[in-house]
**Student:** 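Take this structure first; my questions come after.
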Amino acid sequence: MYVRTRFAPSPTGVLHLGGLRTALYNWLYARRHGGEFLLRIEDTDRARSSDENVRTLIEALRSFGLDLDGEPLLQSSRVQRHREVAQELLERGAAYHCYCTPDELAAMRDEQRARGADPRYDGRCRERTAPRDGVKPVIRFRRPDTEEVVVQDWLHGEVRYRNAQLDDLVLLRANGSPTYHLSCVTDDEDMGVRQVIRGDDHLNNTPRQLQLIQALGWTPPEYCHLPLLLAPDGKKLSKRDEATDALHYLRAGYLPDAVLNYLARLGWSHGDQEVFSVSELIDSFGRTGLGASASRLDAGKLNWINQQHMKGADAETLSEGLATQLKRLGLDPGDGPPLHQAVEAWRERAETFADMAQAARWAYSGVIELDERASRKFLRPVVREALAAVRNALSGLEDWAPGAIHACIAETAESQGIGFGKLGQPLRVAVTGGAVSPPIDTTLSLAGRARTLDRLDKALAYIDARIAAADPAAQG
RNA sequence: GUCCCCAUCGUCUAGUGGUUAGGACACCGGCCUUUCACGCCGGCAACAGGGGUUCGAAUCCCCUUGGGGACGCCA
């Protein structure tokens, strides 16, 4: 069967993670089978839609690399066609005019609920032939009288609905605008969508849509209703939470492919494999690995996957990511070591670009802050002499590169009669301000000669101040 | 309330009648090591409960419980 999938969001806000995952599965399935992936913006609710939201949505998909086949279709541009289909249903006797007012319907539901019945339209206008003065009618679908409707779903198999549970849904509002079911079914048909992969919240809509499709004599697509994504606490994802916004992760310094990898594995698996490149995802994605239960978001796992992707990413991608995050910290990526060097030093030491920029602050800033605990522990009077010696040795170093720096530190350590590590930590604290950084030779290399010597001088002054404070008499 | 979906370590999951219930994240040890990280080795940790079916059930059926979704002239 030919594969043509679609993502059909309503542009009511940002693209959230659940939406991105739905889009991803549709995209992967299409790419896997050499089919097409279409985008339809369900913007018929003008009050909640805006051009801004539409642009954001399309841009978000692009940012994650989910390329579209064809132009995005705005559902609002299709109302003429939707009206035609409603008219056709009317002519076939599969729909009728209903003159009930919203107030009457509300009263009907209240009454039904009051006596413990299910709130649903009772079909009171089904046989009406005469118009009603002063009331513009809606067009309602005449639900067929079959016993039950069976939905075929990739994940859930056959899902059966007793027909009596369904009612006559509104197709065209009194103002002439089409409702969701009519638009959705019509557009899927006209777009030639063959696989409808969407959230579980649509499962209960499917029997109604199936009946519509049958009444129109169309061929239903295959259905796949994906389990929902839950917040870490197992509750529904809150749209208020910025962690729900897919673009948030890009801004926070995650690799798009890593986010995709993480999302793909939420509700889908392929043996024991955890880390996938996008092309691996395309090669291995399929309906067989899909799971049926809802899954929770886990930031720890996302971070780990992102780190795995960073380890394997190319230097250029990493450099860009680091530069962006350095700027966010108010630092100048040009005022420090070449980015590709920094990136090699930190690619295995950071989970995100934000982490990386944070860890690299000292290399891109003229001033550093001495961490109090680290300096108290490592910048002690006993190391003053060794530190001064290494400062001297380094100042005369011709080749400011890790190899030469390493040799220089080793020689000094030996002549001072202390271990390499005993000299390394004070050096690290002096140059970076903290006790954690890449290997000390790499660290000094990244800091550059000028900053290294300057910071060593400041560290020596710091130690002198300590000595003076401990023994005021020695000052004279 | 009615209908629908779901249910394996804390989390993501493998498992489709016979396994010491596997892997990954997190966590805890150890190794590596000039700090950190990476890497490697090891540990902790699960079939929601109750009935069936069967020689045998995490796997099949039913009930309960729990979680989620849907019941609009929203999408």
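Order of the sequence lines sets the chain letters (A, B, ...), proteins ahead of strands, with each chain counted from 1.
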**Student:** Looking only at the side chain of A:Gln165 (C-beta and beyond, no hydrogens), which of the listed nucleotides B:G1, B:C3, B:G68 gets closest?
**Tutor:**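 The listed nucleotide nearest to A:Gln165's side chain is B:C3.
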
**Student:** Select base, sugar-phosphate, or nothing to describe what A:Asn205 touches, counting heavy atoms under 4.0 Å on all strands.
**Tutor:**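 It contacts base atoms.
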
**Student:** I'd like to know if the side chain of A:Arg265 reaches the main chain of A:Asn261, judged simply by a donor and an acceptor atom lying under 3.5 Å from each other, with no hydrogens or angles considered.
**Tutor:**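 Absent.
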
**Student:** With the side chain of A:Asp200 defined as its heavy atoms from C-beta on, choose the nearest nucleotide among B:C6, B:C5, B:A75.
**Tutor:**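 Within the option list, the nearest is B:C5.
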
**Student:** Quick one: label A:Gly434 by what it contacts on the DNA or RNA (base, sugar-phosphate, nothing), any heavy atom closer than 4.0 Å.
**Tutor:**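 Nothing: the residue A:Gly434, judged by heavy atoms under 4.0 Å, touches no strand.
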
**Student:** Out of B:C5, B:G69, B:C38, which nucleotide sits closest to the side chain of A:Leu228?
**Tutor:**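 The nucleotide sitting nearest to the side chain is B:G69.
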
**Student:** Atom CG of A:Leu210 and atom C1' of B:C4: how far apart are they, to the nearest Å?
**Tutor:**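 About 15 Å, once rounded to whole Å.
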
**Student:** Expressed in whole Å, how much space separates the C1' atoms belonging to B:G22 and B:C47?
**Tutor:**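 Going atom to atom, C1' in each nucleotide, I get 13 Å.
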
**Student:** Between C1' on B:U2 and OH on A:Tyr161, what's the gap in Å once rounded to a whole number?
**Tutor:**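 That distance rounds to 13 Å.
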
**Student:** Which base, if any, makes a Watson-Crick or G-U wobble pair with B:C32, both distances under 3.5 Å?
**Tutor:**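 Pairing partner, where one exists within any strand: none, as none qualifies.
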
**Student:** Determine the interatomic distance between P on B:G23 and the same-named atom on B:A46; round to the nearest Å.
**Tutor:**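 The answer is 14 Å between these two P atoms.
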
**Student:** Between B:G15 and B:U8, how far apart are the P atoms? Round to whole Å, please.
**Tutor:**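 B:U8 and B:G15 have their P atoms separated by 14 Å.
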
**Student:** In whole Å, what is the span from the CE atom of A:Met108 to the P atom of B:C73?
**Tutor:**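 From A:Met108 CE to B:C73 P: 9 Å.
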
**Student:** Return the value, rounded to whole Å, for the distance between atom CD of A:Gln308 and atom P of B:A26.
**Tutor:**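 After rounding, the gap between these two atoms is 9 Å.
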
**Student:** With a 4.0 Å limit, can you tell me whether A:Lys422 has a side-chain N or O closer than that to the phosphate oxygens OP1/OP2 of B:U34?
**Tutor:**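 Result: no.
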
**Student:** Parallel, tilted or perpendicular, judged at 30° and 60°: which one describes the rings of A:Tyr25 and A:Phe285?
**Tutor:**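 Plane angle between 30° and 60°, so tilted.
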
**Student:** Quick one: which of B:A75, B:C73, B:U34 gets closest to the side chain of A:Leu105?
**Tutor:**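 Output: B:C73.
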
**Student:** For a quick check, tell me whether the side chain of A:Arg349 and the base of B:C36 share a donor-acceptor pair closer than 3.5 Å.
**Tutor:**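 In this structure, the two groups form a donor-acceptor pair.
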
**Student:** Has A:Arg109 got a side-chain N or O lying under 4.0 Å from the OP1 or OP2 atom of B:G72?
**Tutor:**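 Yes, such a contact exists.
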
**Student:** Checking all strands, does A:Pro227 fall into the base, sugar-phosphate, or nothing category for heavy-atom contacts under 4.0 angstrom?
**Tutor:**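 Here A:Pro227 touches no strand at all.
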
**Student:** Across all strands shown, which nucleotide pairs with B:A14 by Watson-Crick or G-U wobble geometry, both distances under 3.5 Å?
**Tutor:**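 Per the H-bond distance test, none.
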
**Student:** Work out how far the C1' atom of B:A26 is from that of B:A45, and round it to whole angstrom.
**Tutor:**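 Pairwise C1' distance, B:A26 against B:A45, rounds to 11 Å.
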
**Student:** Under the 3.5 angstrom rule, does the side chain of A:Thr412 hit a backbone N or O of A:Val390 as a donor-acceptor pair?
**Tutor:**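 Absent.
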
**Student:** Considering only heavy atoms and no angle criterion, is a donor-acceptor pair shorter than 3.5 Å present between the side chain of A:Gln273 and the base of B:G23?
**Tutor:**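 By the distance-only test, no, there is no pair.
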
**Student:** For B:C28 versus B:U33, give the span between their P atoms, rounded off to a whole number of Å.
**Tutor:**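 Roughly 23 Å separates the two P atoms.
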
**Student:** Is the gap between the ring centers of A:Tyr180 and A:His202 under 6.0 Å?
**Tutor:**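 Yes; A:His202 has its ring centre under 6.0 Å from that of A:Tyr180.
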
**Student:** Quick one: is A:His156 getting a side-chain N or O under 4.0 Å of the B:C6 phosphate, OP1 or OP2?
**Tutor:**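 For A:His156, the contact criterion (side-chain N or O under 4.0 Å from OP1 or OP2 of B:C6) is met.
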
**Student:** Counting heavy atoms from C-beta on, name the nucleotide in B:C73, B:U34, B:G1 closest to the side chain of A:His406.
**Tutor:**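 My answer, after comparing the listed nucleotides, is B:U34.
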
**Student:** Looking at B:A7, which nucleotide sits across from it as a Watson-Crick or G-U wobble partner, both distances under 3.5 angstrom, or is there none?
**Tutor:**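 With both distances under 3.5 Å, B:A7 matches B:U65.
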
**Student:** Would you say a side-chain N or O of A:Lys311 is under 4.0 Å from OP1 or OP2 of B:G39?
**Tutor:**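 Yes.
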
**Student:** Nearest-Å distance, CZ (A:Arg21) to P (B:C12)?
**Tutor:**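 Nearest whole value for this atom pair: 12 Å.
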
**Student:** Hey, what's the ring geometry for A:Tyr99 with A:His97, parallel, tilted or perpendicular (30° and 60° as the breaks)?
**Tutor:**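 Plane angle between 30° and 60°, so tilted.
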
**Student:** For the P atoms, the ones on B:G18 and on B:C6, what distance do you get once it is rounded to whole angstrom?
**Tutor:**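 To the nearest whole Å, 22 Å.
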
**Student:** Would you please indicate if the ring centroids of A:Phe353 and A:Trp346 are separated by under 6.0 Å?
**Tutor:**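 Ring-ring flag for A:Phe353/A:Trp346: false, centres at least 6.0 Å apart.
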
**Student:** Within the distance-only criterion (no hydrogens, no angle test), does the side chain of A:Gln416 pair as donor or acceptor with the backbone N or O of A:Ile418 below 3.5 angstrom?
**Tutor:**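 A pair under 3.5 Å: no.
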
**Student:** What's the CG-P distance between A:Asp201 and B:C3, to the nearest Å?
**Tutor:**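 After rounding, the gap between these two atoms is 21 Å.
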
**Student:** Using purine N1 to pyrimidine N3 plus N6-O4 or O6-N4 for Watson-Crick, or N1-O2 and O6-N3 for G-U wobble, both under 3.5 Å, which nucleotide pairs with B:A26?
**Tutor:**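 The answer is none; no pair meets the criterion.
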
**Student:** In terms of the nearest nucleotide of RNA chain B, which residue is placed more toward the 5' end: A:Arg265 or A:Gln425?
**Tutor:**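 In this pair, the answer is A:Arg265.
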
**Student:** Looking at A:Asp190 and A:Arg78, is any side-chain nitrogen of the basic one under 4.0 Å from a carboxylate oxygen of the acidic one?
**Tutor:**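 Between A:Asp190 and A:Arg78 there is a salt bridge, with a charged N closer than 4.0 Å to a carboxylate O.
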
**Student:** Assess whether atom CZ of A:Arg380 is packed by more than 12 heavy atoms of other residues, nucleotides or ligands within 6.0 Å.
**Tutor:**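 Counting other residues, nucleotides and ligands, CZ of A:Arg380 stays at 12 neighbours or fewer.
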
**Student:** Using the side-chain heavy atoms of A:Arg140, tell me which of these nucleotides is nearest: B:C36, B:C73, B:G69.
**Tutor:**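 Within the option list, the nearest is B:C73.
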
**Student:** Between B:C5, B:C6, B:C73, which one does the side chain of A:Ser293 approach most closely?
**Tutor:**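 Minimum distance to the A:Ser293 side chain belongs to B:C6.
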
**Student:** In whole Å, what is the span from the CG atom of A:Asp298 to the P atom of B:G10?
**Tutor:**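 That distance rounds to 14 Å.
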
**Student:** Please measure how far the C1' atom in B:G29 lies from the corresponding atom in B:C44, and state the result in whole Å.
**Tutor:**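 The same atom, C1', in both gives a distance of 10 Å.
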
**Student:** With rounding to whole Å, what would you report as the distance between B:C61 and B:G66 at their P atoms?
**Tutor:**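 These two P atoms come out 22 Å apart once rounded.
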
**Student:** Below the 4.0 Å mark, does B:U13 have OP1 or OP2 next to a side-chain nitrogen or oxygen of A:Ser295?
**Tutor:**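 Answer is yes, contact under 4.0 Å.
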
**Student:** Taking any strand in view, what nucleotide pairs with B:U20 in a Watson-Crick or G-U wobble way, both distances under 3.5 Å?
**Tutor:**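 B:U20 is paired with nothing.
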
**Student:** Which nucleotide in the set B:C25, B:U34, B:A7 lies at the smallest distance from any side-chain heavy atom of A:Trp304?
**Tutor:**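 Selected nucleotide: B:C25.
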
**Student:** Identify which nucleotide among B:A24, B:C6, B:G69 has an atom closest to any side-chain atom of A:Asn204, counting heavy atoms from C-beta outward.
**Tutor:**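 Selected nucleotide (nearest to the side chain): B:G69.
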
**Student:** Describe the nucleic acid contact of A:Arg296 in one word from base, sugar-phosphate, nothing, applying a heavy-atom distance below 4.0 Å.
**Tutor:**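 Here A:Arg296 touches the backbone only, sparing every base.
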
**Student:** Closest approach to the side chain of A:Ala174, judged atom by atom: which nucleotide of B:A75, B:C73, B:A37 is it?
**Tutor:**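 Of the options given, the side chain of A:Ala174 lies nearest B:C73.
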
**Student:** Assign A:Cys184 to base, sugar-phosphate, or nothing according to its heavy-atom contacts below 4.0 angstrom with the strands shown.
**Tutor:**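 Result for A:Cys184 = nothing.
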
**Student:** Return the nucleotide paired to B:A70: Watson-Crick means purine N1 to pyrimidine N3 with N6-O4 or O6-N4, wobble means G-U with N1-O2 and O6-N3, both under 3.5 Å.
**Tutor:**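 Partner of B:A70: B:U2.
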
**Student:** Using the ring of A:Tyr121 (Phe, Tyr or Trp, six-membered ring only), decide whether A:Arg140 places NZ or CZ under 6.0 Å from its centre and within 45 degrees of its axis.
**Tutor:**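 Judged by the rule, A:Arg140 and A:Tyr121 form a cation-pi pair.
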
**Student:** Touch check for A:Val170, heavy atoms < 4.0 angstrom, all strands: base, sugar-phosphate only, or nothing?
**Tutor:**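 The residue A:Val170 makes sugar-phosphate contact but no base contact.
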
**Student:** Using a heavy-atom cut-off of under 4.0 Å over every strand shown, decide if A:Pro9 touches base, sugar-phosphate, or nothing.
**Tutor:**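 Result for A:Pro9 = nothing.
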
**Student:** How many Å lie between CG on A:Asp272 and P on B:G23, as a whole number?
**Tutor:**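 Between P of B:G23 and CG of A:Asp272: 8 Å.
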
**Student:** Between B:A14 and A:Ser269, is there an OP1 or OP2 to side-chain N/O distance shorter than 4.0 Å?
**Tutor:**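 True: A:Ser269 side-chain N/O within range (under 4.0 Å) of B:A14 OP1/OP2.
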
